[in-house]
There are 2 protein chains.
Amino acid sequence: MPRRTAPIVSVGARLQAILEAFTETSPLLTLSELSRRTGLPLTTTHRLVGELLTGGLLERDELGRYRVGLRMWEIGSLAPRGLGLRASALPFLGDLFDATRNHVQLAVREGTEVVYLERISARDAVHVVSRVGGRLPLHATAVGLVLLAHAEHEVREQALAAPLRRFTERTLGTAAQLRRALADVRRDGYAVCNGAVELVSLSVAAPVRDQEDNVVAALSVVVPAKGANPRALIPVVRAAARGISRALGAPSGLRLPVAARHETHVLPEHG
Amino acid sequence: MPRRTAPIVSVGARLQAILEAFTETSPLLTLSELSRRTGLPLTTTHRLVGELLTGGLLERDELGRYRVGLRMWEIGSLAPRGLGLRASALPFLGDLFDATRNHVQLAVREGTEVVYLERISARDAVHVVSRVGGRLPLHATAVGLVLLAHAEHEVREQALAAPLRRFTERTLGTAAQLRRALADVRRDGYAVCNGAVELVSLSVAAPVRDQEDNVVAALSVVVPAKGANPRALIPVVRAAARGISRALGAPSGLRLPVAARHETHVLPEHG
DNA sequence: AGCCGGTCTTCCGTTGAACGGAAGAGGAGG
DNA sequence: CCTCCTCTTCCGTTCAACGGAAGACCGGCT
C-alpha cells in the first residue's frame, strides 16, 4: 500500500479535517477560520460544512459560528471504549472517591497518549491539568505508565523511541528510566507518579482488564504531593480497579500476587 | 431551495448514514450489516468505512467488526452543549445527589426529544429506562416538559401536533393536557411527572438558563413513586438548577417569584 | 472430500458529483 | 463614499467516487 503524494483528496478526509479543526481551546469557529485551519478552499469548506450541518454533526450558534453538534456527542457516546467502559466503572469510581475524597480518574490509551474518560473531583481538590476528553503523553502520568506497561511490544518501543517531554524535573526523562519504571509497574501491578506533571500532585494508578485479560483502561487517584502517603492508597486503587475488571468479566482474583490477596476485601462489594 | 428527488447522493450524507447505523443496542456491526442498514452497496460501504477507519472515527475489534472510535468520542466531547454544560453542572449534580440519594439527571432538548447528558445514580435507586446519551420524547418526562415549556413557539406547536406516545396510563395523552401542563410549568418554574414513563418512578425537574436567560438544559431528580413527596423535592431541585444557571452566567435570582426567594439558601453554596 | 451460503476484499472502466474560481451580497470600520 | 472582511450562490470542468464483477476466505452441511 504505497503512500499517496497528494495532499488531501477524498471527501472523507476533508470532512474529517473539518471535524478535527475543533479543539478544546477553540470550540467555536467561523467558516473562514475553518477554511484556514483545514487548508481547504473557502467554497469547498462551505459546502462540506453545510452537509455536516444538515446531519447535525455540526451546529451554528446565534452568531453564525460553527460548533460540534450534539449529534456528534451522541454518536461518540456509543463508542464502546468511551461510555461503555465509563458506565461499568462509575460505581467503583464513586466508591473510590468516597474513600479518598480526591480526584479519581479513568483513562484509556490511544496511540502513545492517555485519553481521560472520566473524573470525579472534590471542589477543593488539588489542581490537575487534564480534562475529560483531553490527552496527555503516556510517560508522564501514572495511568500512562500502567497503560504503556501492558501495551503491545510495538507500541512500547514506539513510545520509548520518541523524545520524552519533561513537564517538571521529576518527569521521567530518558528511555532507560522509563523502561525500568514499566518493568516495575508490570511486577507490582500499580504505578506511582510523584510530581511528574505538576510538582504539587501525586498519583497512583492500577490496570483495568477485560474478559480476555487485556489491560483496557487504567484508574488513578490524584492527591496533593505534600504529605501524601502513596502506600496507603495502593490497596484501595487496586481494589477498585479489580472491581471494574470483574464487572467487565475479567478472570478476576486468580492472578493476584499472593501477598495482595487480602486486599480484595478492603472495598466492600455492595455497601 | 427545491427538494432533491435523489435518494442519497453526497458522500457526506453517505458517511453520516454509516455513523448513524450504530445504535445503543448494536454498537458492533459487520461490513455487510452496515451495508444493509444504510442501503449502500457493499463496495461503497467498504471504501467509506475504510476512510473513517484511517481517521479513527471508527475502529475494528479483534473479530473485524466495526465500532464507533474513541476519536469520535473525543470530538463529540467538544460539543459545547455536551461536556461544556456537563462540566459546569457536575458539582451541583453532586450536591443534589448527596441531598437526595436518588437519580439525578441533566438533559437538553434536541428537536422534539430529550437527550440525557449525565446521570448520577445510587446502586439501589429505582429503575429508569433512559441512559446517558439516550433519548426520550419531550411530553413523557419532567425534564422534557421543562424544556418544551420554554422552547420556541414553533417547536412547541410541532410537539403538540405530533401523536403523543403513551408509556403508561399516566402519560399525558392529548395535546390539550400537554398544553395545560406546559402552562403550569412556565407559571411554577418546575415540572413533576408521576409515573409517566414507568409507574414506579416520579421525577421533578427545573430549568437551567444561560447568559441570555435562555433555557438551555433541565435538571431532574427521579425517586420511587411510592411514598414520594414531590413538594419536598421541588426546592432543592430548583436551587441546584439555579446554581448551575449562575455558573453559566445567567442573570440569577432577580427573576424569581417572590414566594420562592428564601429557597435560594436551601442548598449551601460552598459546603 | 465437494458444495453452498455467507463473509470480506481487490480491480477497474464509466460517469456524474464534487470541485473551486468568479462574482456578488452583506456588514463593520474609516 | 470606499475598503476589507465576511459569507453565499452560481456554474462549467474534471477527476474522484462509484459499484458491478470476480475472486478469496471461512464455516457448515451432505
Side-chain angles (χ1 to χ4, degrees), chain A residues 1-23 25-69 80 212, chain B residues 1-23 25-69 80 212:
Chain A
M1 197 182 285
R3 181 165 282 272
R4 283 250 134 226
T5 51
I8 286 194
V9 270
S10 84
V11 184
R14 286 173 218 244
L15 288 171
Q16 292 184 46
I18 289 176
L19 293 177
E20 305 271 352
F22 293 89
T23 67
T25 50
S26 51
L28 296 171
L29 298 172
T30 67
L31 182 62
S32 3
E33 275 172 337
L34 274 169
S35 166
R36 264 178 265 121
R37 282 170 185 245
T38 56
L40 298 174
L42 185 64
T43 319
T44 302
T45 313
H46 183 255
R47 178 169 28 82
L48 295 181
V49 153
E51 288 188 15
L52 291 171
L53 220 51
T54 64
L57 297 191
L58 292 185
E59 299 173 351
R60 308 192 71 168
D61 67 5
E62 57 281 3
L63 285 83
R65 291 171 303 187
Y66 296 93
R67 63 185 181 199
V68 177
E212 286 86 34
Chain B
M1 198 180 286
R3 181 164 281 272
R4 285 249 134 230
T5 50
I8 285 193
V9 269
S10 84
V11 183
R14 286 173 218 243
L15 287 171
Q16 292 183 46
I18 290 176
L19 294 176
E20 306 272 351
F22 292 89
T23 67
T25 49
S26 51
L28 296 172
L29 298 172
T30 68
L31 182 63
S32 5
E33 274 171 338
L34 274 168
S35 166
R36 264 178 264 120
R37 280 170 186 244
T38 56
L40 298 174
L42 186 65
T43 320
T44 303
T45 312
H46 182 256
R47 181 168 27 80
L48 295 181
V49 153
E51 289 190 15
L52 292 171
L53 219 52
T54 64
L57 297 190
L58 291 186
E59 299 171 352
R60 309 192 71 168
D61 67 4
E62 58 282 3
L63 285 82
R65 290 171 304 187
Y66 295 93
R67 62 185 181 198
V68 177
E212 286 86 34

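Chain identifiers are assigned alphabetically (A, B, ...) following the order of the sequence lines, protein sequences preceding nucleic acid strands; residue numbering begins at 1 within each chain. Computed from a predicted model, the values in this text were never measured in an experiment.
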Round to the nearest Å and state the distance from [X] atom [atom1] to [N] atom [atom2].
| X | N | atom1 | atom2 | result |
| --- | --- | --- | --- | --- |
| A:Leu31 | C:dA25 | CG | P | 19 Å |
| A:Leu15 | C:dC19 | CG | C1' | 13 Å |
| A:Glu51 | C:dC19 | CD | C1' | 12 Å |
| B:His46 | D:dG23 | NE2 | P | 18 Å |
| B:Arg36 | C:dG5 | CZ | C1' | 13 Å |
| A:Arg65 | D:dC5 | CZ | C1' | 17 Å |
| B:Leu48 | D:dA16 | CG | P | 16 Å |
| B:Asp61 | C:dC8 | CG | C1' | 15 Å |

With a 4.0 Å cutoff (strictly under), does any side-chain N or O of [X] reach OP1 or OP2 of [N]?
| X | N | answer |
| --- | --- | --- |
| A:Arg14 | C:dG20 | yes |
| B:Thr30 | C:dC8 | yes |
| A:Thr43 | C:dG21 | no |
| A:Ser10 | D:dA16 | no |
| B:Arg47 | D:dG20 | no |

### Task
Taking all non-hydrogen atoms of both residues into account, name the closest pair between A:Ser35 and A:Pro41 and its distance.
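Answer, listing the atom of A:Ser35 first, then A:Pro41: OG-C, 3.9 Å.
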
### Message
Using every non-hydrogen atom in the two residues, find where B:Leu28 and B:Arg67 come nearest and quote the distance to one decimal.
### Response
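Heavy-atom minimum between the residues: CD2-CB, 3.5 Å.
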
### Message
Checking the side chain of B:Gln16 only, and the main-chain atoms of A:Glu51 only, is there a donor and an acceptor separated by less than 3.5 Å?
### Response
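Between the backbone of A:Glu51 and the side chain of B:Gln16 there is a qualifying donor-acceptor contact (under 3.5 Å).
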
### Query
Can any side-chain N or O of B:Glu59 pair as donor or acceptor with the backbone N or O of A:Pro80 at less than 3.5 Å?
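Here the side-chain-to-backbone pair does not exist.
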
### Query
Is any side-chain heavy atom of B:Leu19 closer than 4.5 Å to a side-chain heavy atom of B:Leu58?
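Heavy-atom side-chain distance check passes, below 4.5 Å.
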
### Message
From C-beta outward on B:Arg60, which listed nucleotide comes closest to its side chain: D:dG19, C:dT9, C:dG20?
### Response
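Given the options D:dG19, C:dT9, C:dG20, the side chain of B:Arg60 is closest to C:dT9.
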
### Query
Looking at C:dC19, D:dA16, C:dT9, which one has an atom nearest to any side-chain atom of B:Tyr66?
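Closest of the options to the side chain of B:Tyr66: C:dT9.
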
### Message
Using a 4.0 Å heavy-atom cut-off, does B:Leu42 contact any base of the nucleic acid, only the sugar-phosphate backbone, or nothing at all?
### Response
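Answer is base: heavy atoms of B:Leu42 come under 4.0 Å of a base.
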
### Message
Pick the closest DNA chain D nucleotide for A:Gly64 and for A:Gly12 by heavy atoms, then say which residue is nearer the 5' end.
### Response
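Nearest-nucleotide comparison on DNA chain D picks A:Gly64.
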
